[in-house]
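Structure record follows, encoded as structure tokens.
Everything quoted here is computed from the prediction, not taken from an experiment. Numbers restart at 1 for each chain; the letters A, B, ... are given by sequence-line order, proteins then strands.
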Amino acid sequence: MRVPSRLMRVKYKELTGLNLPAIEQEVLKQWSEKQTFEKSVSLREGAPSFVFFEGPPSANGMPGIHHVISRTLKDLVCRYKTMQGFQVKRKGGWDTHGLPIELGVEKELGITKEDIGVKISVEDYNKKCRKAVLRYKGKWDDITRKMGFWVDLNDPYITFKNEYIETLWWLLSELYKKGLLYESVSIQPYSPAAGTGLSSHELNQPGSYKDVKDTSCVALFNLLNQGPSTFLFDAVRLLPSSEVFLMAWTTTLWTLPSNLGLTMGASIEYALVQTINPYTQLPINVVLATELVGKYFKPEGENGNFTAIDEKTKIFPWKIITRFPGSQLEGALYEQLLPFEANTTAAIELITPGAKPFRVLLDSFVTTEDGTGIVHTAPAFGADDYKVGKKYEIGMLTLVDREGKFVEGVGEFSGRYVKDYKNQTDYVDVNVDIAIKLKKENRAFRVEKYQHNYPHCWRTDKPILYYPLDAWFISTTAVRDKMVALNKTINWKPKSTGEGRFGNWLEHMVDWNLSRSRYWGTPLPIWRTADGEEQICIGTIAQLREELIKSVEAGLVSRDCKKGQVDLAQKIEKLLSDLHKPFIDQIILVSPSGKPMHRVPDLIDVWFDSGAMPYAQWGLPDISSNQFGPLSPENFFQYHALNGTISAQAFPASFIAEGVDQTRGWFYTLHAIAGLLFDSVAYQTVISNGLVLDKNGNKMSKRLGNVVDPFQTIESFGADATRWYLITNASPWDNLKFDLEGIKEVQRKFFGTLYNTYQFFALYANVDGFSYKEPSVPLSQRPEIDRWILSSLHTLIQKVTVAMDDYEPTQAGRIIEDFVDQQLSNWYVRLCRRRFWKGEYSADKISAYQTLYECLETVVRLMAPISPFFSDALFLQLNAVTNRNTAESVHHVNYPVADHSFIDQSLEERMQMAQDVSSLVLSLRKKVNIKVRQPLQRILVPVLNASMQAQLQRIEDLIKAEINVKSIEYLSADNTFIKKKIKPNFIALGKKLGPKMKAVSAALSDFSQDQITLLEKEGHINLQVEGEALVLQLAETEISSEDIPGWTVAGKGKLSVALDITVTPKLEAEGHAREFVNRIQKIRKDAGFELTDRVLVKVQASADLASSLVSFKTYICDEILADTLEFSNEMPDTTTIEINEETLQVQVTKKG
RNA sequence: AGAUCCGUAGCUCAGCCUGGUUAGAGCACUACACUGAUAAUGUAGGGGUCAGCAGUUCAAAUCUGCUCGGGUCUACCA
């Protein structure tokens, strides 16, 4: 062994243990000192862009582990594309508006929405919101940095900034110009607890729909004997009761006082049923859909005894009197169910002059799937109700206010909340009381708890109401077809989300309700006159300034801005400096006809903020050059590009990623705005990742206490291990069961192995001074095993690239893992160990170093996108010695490209065979209990064809060394020594034989060795199967060796191996020698000798053992670096060792 | 209520698209080996009615239908 030079030289850094968090700290320090991220972007100046949009998080809440997974995905794709040669700019952003923030502030201040403007001024309230919005910004910045998410946080877009809001206004004004922004009254989901209407995509937040048990009631509406209904009264004339009731089911009893109609299906068949009210036991006659009769009446009760009710069985008698279609009752009148002061006909008339309430209506939405086939209709509280009510002009009653409680004039129910909106401890469900009232009044047929899925407000968790509201809408339905068509061009990962979930959503979309009646958000930029005759939609601050000046000129006063003031210009600028409420509402504009115009009070849905980020993150461009005419969606990015901040290709995004819960949130609003105005997709590829569950598969929630703290996780296990685990454990879109044990496994299994491999390399490379200064050894001159690992390496590059290009990082990570563990560490390094520490610094050794170095360096580059820290650390450590790469970071170099000249398929195949043969022999050794250190004479391998033998012969040396045998012998196919077995080639034969397959299979299993031989010789054989003759070809069967009589045999697939287990005296002696070497090596190590120290050895052993050692003296001395090996009977200061159950004394001393 | 995904070893996952006869890996467990990669490593072993039922087929973890269990989503369900 070469003695290392004493000269100073750079060495590979040898680590004292794998401490990922510590390494990451170090790497983070370097990144920030060297501006590694910034450079990774600037170094690609002029390269093609890969456009990434960052979905803005809200810093109002703490980051969780689920943020780590989606941000890992974003980061790894961006890093990969950077390494692929693209320039990837990553502008960060903050979502700062919206309900969560307002509610947080209200909670903090202990106020409700009603208090705003009373207990606290709107101005102060909004100041609070502005502060609260970035409450956890520090934490977010911290996790972003620690997890290694490269995103530009120096110049993020912030949705509350004027430039951002201005862009939203411009987009809205473009929509307005196109007639896609309109106002309408509609029945909308409304959250009394939050005090605002909700958009459909807010309603579609996960967890909004909850299974709840509500009181449901089948109410009885007393039909009047008048007009269309008389035929029913004729039918019951002779029955105990002459009253006829229409049965209608509801789960929202609080809507009953507002009832104005009953809707039936024109072609649905209804039945008039004579029965008894189960609560009052009074005889009654009811009407319901014939199809649903069975739901309310038991078959046993049909035509039962009407005079004596069986109290025990509770079976009530019933009888169908007549059947008729719903159309026959159209317009029939009924008696109001719950009359109060507030819902008298006079009151109804006052609200809706000319209304004709309490009638039977017909509409197609009525089904017989549940309920009774007759729908209780309260126009204020249901979209269908509103529609049909309007058609029949039955009026509209809204006896519940916006806080969710009954208004004055609803008797004993006035002032009571229809649901527990205030978390009252003594809340009594008003719905139950309504049911009781109905029961007592003979107006209820069935009252029961009913479990159904009901929408809840995503922030307050309280049930929503459907409530009539004025609102502004974006007419997304007008461009539905375009949005559907554009969606088909998007690369969705997984595909099913895009086609199914998102695709369906698009097919069934409704207009986007933009209005929010809140305080902290983007104001709708529409001003109108009191009579609503004139209105204007403002698109830019400049336009607002002009309009404001006009109005001041016209003598209107906006806040402090008065005509003729000295500092008017200054005052105007001050007023325009914050576009939020309340300031914006103090601006009064003048209409063309000279009337004052006030802003409509609405704010817009915060989802518009995030959906508009592709444009608003850059603000409005400077169009003073007027090169492309007035600003429009067509030239928006062109103008921006003129100023050089971004390229004209900055839209659409090449790629975005977010949780699957954003399907109807961000993914939708991005798609909608892009489709509406820009006639384009907003993103070409989107990954929607699944949920992160706890290790038991439960949702993580603060309530259950099973949330995982991402800071703690990263601090204790490292960001790399966490990222690697998140990516490789399950496909991103599958739900992930997050288990810390899994991260530990990744740490040990993958990072541990890679680290050990590097340590191994560094240890010997430092001894030999390998710094890759020699020219690269040509592939043809490298030994088989080197060519094999390089071939595997390039196959790996190929596969990883394919997976990464297909946005399948899970696949990529798993095959890298497999390569490092199985191929590199467990086979290449293990088999090559001797090459590194034995012998001179020869060509073979250099080849080994170069090969292992190339593998390490390439693996590090392959894994860099997923685990950016450790890869960078290793990359820099390798480069520190070799200087092969001048890059400051692995993230600045190019991704490896597979070189096909390195790939040798048959080499990889035969190496696989070597691994299989070795594994078989080791298992045989185990079976007969002969340890690997005991050399054996030979193994026997039956070969089925010439190429198999040729393949095996090229790897003989490897196998022999690995399993410690002297020779490999081959048994060719035509020998009669091996017992063979035959089975059908099912794929080939199945097609040919079909049903006769079983019989042939049975016949083959009965084949004699002679028959098999005959088939092999002739190439075909004649068979009689079920009386039919058929010819079987050799290729239609699979022949393999089964057994070699008298030998210990093991097999796997077509491969079988026999082991000669005879231990001759010579072999035994060699076994002793090997044992001896092994013991001495241990002594050397225990004594702390250097790898290169020479030693002198004295031994006292039995004659038998001594002679074994003498005969292998050269070998022994060579192995243990001994200058002398002497035998002696008298030795002081010895060590006792044992070899094959014999003890001996040795003395090992360092030379010199 | 519908749509959709999922159900394979104690745990985490491959395999399923394109059916082929001993269903794989890692972890964990047990035993053993190795001892100059050593706070490392290797080998072997046990462990499965591929959720259940039915169908198609010579042949089903794989294709079809139904059922059960879990997740997610949809809905103007009164």
Side-chain angles (χ1 to χ4, degrees), chain A residues 16-18 187 189 203-204 206 209 216 248-252 255 263 365-367 369-372 374-378 381-387 452-455 466 494 496-497 500-501 504-505 508 510 660-661 663-664 690-691 693 695 697 699 725 728-731 733-737 739 741-742 744-745 748-749 752-753 755-761 763-764 810 814 817-818 821-822 825-826 829-830 833-834 836-838 918-919 922-923 925-927 929 931-933 983-990 993-1001 1078-1079 1081-1082 1084-1085 1089 1091 1119:
Chain A
T16 47
L18 179 60
I187 311 299
L203 209 56
N204 287 317
Y209 281 84
S216 76
W249 180 61
T250 182
T251 54
T252 50
T255 61
T263 309
F365 71 81
V366 181
T367 67
E369 270 162 36
D370 44 22
T372 60
I374 303 175
V375 178
H376 143 59
T377 305
F381 303 116
D384 279 336
D385 305 43
Y386 178 79
K387 198 180 70 192
H452 62 154
N453 217 245
Y454 196 81
Y466 287 91
S496 60
T497 300
R501 193 176 288 191
N504 288 339
W505 167 252
H508 298 121
V510 292
V660 70
D661 51 341
T663 308
R664 281 152 188 104
L691 301 172
L693 309 170
K695 62 177 176 181
K699 247 185 176 171
Y725 166 73
T728 57
N729 186 61
S731 279
W733 32 90
D734 285 339
N735 289 345
L736 176 80
K737 287 185 195 162
D739 189 356
E741 288 302 317
K744 286 187 199 162
E745 192 181 319
R748 274 202 314 272
K749 188 79 193 145
T753 306
Y755 156 80
N756 277 320
T757 307
Y758 167 79
Q759 282 287 88
F760 173 86
F761 167 80
L763 178 66
Y764 297 112
T810 307
R814 283 176 180 172
E817 221 170 52
D818 192 63
D821 188 47
Q822 296 303 315
S825 167
N826 185 22
V829 171
R830 204 159 53 80
R833 262 150 60 190
R834 280 180 76 85
F836 289 91
W837 57 265
K838 193 95 175 75
S918 302
S919 157
L922 290 170
S923 117
R925 277 181 171 273
K926 165 102 185 150
K927 205 178 277 172
N929 221 355
K931 54 176 86 170
V932 182
R933 222 180 277 130
K983 66 176 187 180
N985 177 344
F986 284 97
I987 298 172
L989 264 185
L993 296 179
K996 277 176 276 184
M997 197 64 208
K998 266 193 178 143
V1000 173
S1001 182
N1078 168 266
R1079 300 303 184 273
Q1081 296 287 33
K1082 189 168 161 45
R1084 282 181 60 109
K1085 205 174 149 201
F1089 293 172
L1091 288 175
E1119 287 295 310

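By the 30° and 60° cut-offs, the orientation of the rings of A:F761 relative to A:Y758 is tilted.
To the nearest angstrom, P of B:G42 lies 19 Å from CG of A:N1078. Nucleotide B:A78 holds its P atom 14 Å from the CZ atom of A:F381, rounded to whole Å. Here B:C34 presents its P atom at 15 Å from CD of A:Q1081, a figure rounded to the nearest Å. Residue A:R830 contributes atom CZ, which lies 12 Å from atom P of B:A37 at whole-angstrom precision. Between the P atom of B:A25 and the CD atom of A:E817 lies a distance of 16 Å, rounded to the nearest Å. Protein atom CD of A:E741 is 18 Å distant from nucleotide atom P of B:G26, rounded to whole Å. Rounded to whole Å, atom P of B:G26 lies 6 Å from atom CD of A:Q822. Distance A:D818 CG to B:A25 P: 12 Å, rounded to the nearest Å.
Base pairing analysis places B:G2 opposite B:C73; the two distances defining the Watson-Crick or G-U wobble pair are each below 3.5 Å. Nucleotide B:G46 forms a pair with no other nucleotide shown, judged by Watson-Crick or G-U wobble geometry with both contacts under 3.5 Å. Nucleotide B:G26 forms a Watson-Crick or G-U wobble pair with B:C11, both donor-acceptor distances falling under 3.5 Å. Base pairing of B:C53: its partner is B:G65, meeting the Watson-Crick or G-U wobble criterion (both donor-acceptor distances under 3.5 Å). Taking a pair to require two hydrogen-bonding distances under 3.5 Å in either a Watson-Crick or a G-U wobble arrangement, B:A60 remains unpaired. The base-pairing partner of B:A40, taking Watson-Crick or G-U wobble contacts with both distances under 3.5 Å, does not exist among the strands shown.
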*In sequence, state the C-alpha distance, the side-chain angles, and the governing distance for A:E817 and A:R814, and then conclude on salt bridge (Lys or Arg N to Asp or Glu O under 4.0 Å).*
CA-CA 5 Å; A:E817 221 170 52; A:R814 283 176 180 172; over 6 Å; no
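Nucleotides B:A59 and B:U43 place their P atoms 39 Å apart, quoted to the nearest Å. On the C1' atoms, B:G7 is 15 Å away from B:U62, given to the nearest whole Å. Nucleotides B:A28 and B:C73, compared at atom P, are 35 Å apart to the nearest Å.
Residue contacts for A:R833: at a heavy-atom cut-off of 4.0 Å it reaches a base atom on one of the strands shown. Residue-level contact check: A:N985 touches neither bases nor backbone, having no heavy atom under 4.0 Å from any strand.
The side chain of A:E745 lies closest to B:G26 when the candidates are B:A37, B:G26, B:A78.
Test A:N826, A:V829, A:D821 against A:T757 for side chain to side chain contact (heavy atoms under 4.5 Å, CB included) and you get one pass: A:V829.
In the interface, the side chain of A:S825 is paired with the base of B:A37 through a donor and an acceptor atom under 3.5 Å apart.
Between A:R814 and A:T757, the residue anchored closer to the 5' end of RNA chain B is A:R814, taking for each the nucleotide with the nearest heavy atom. Of the two residues contacting RNA chain B, namely A:M997 and A:T728, the nearest-nucleotide position lying further toward the 5' end is that of A:T728.
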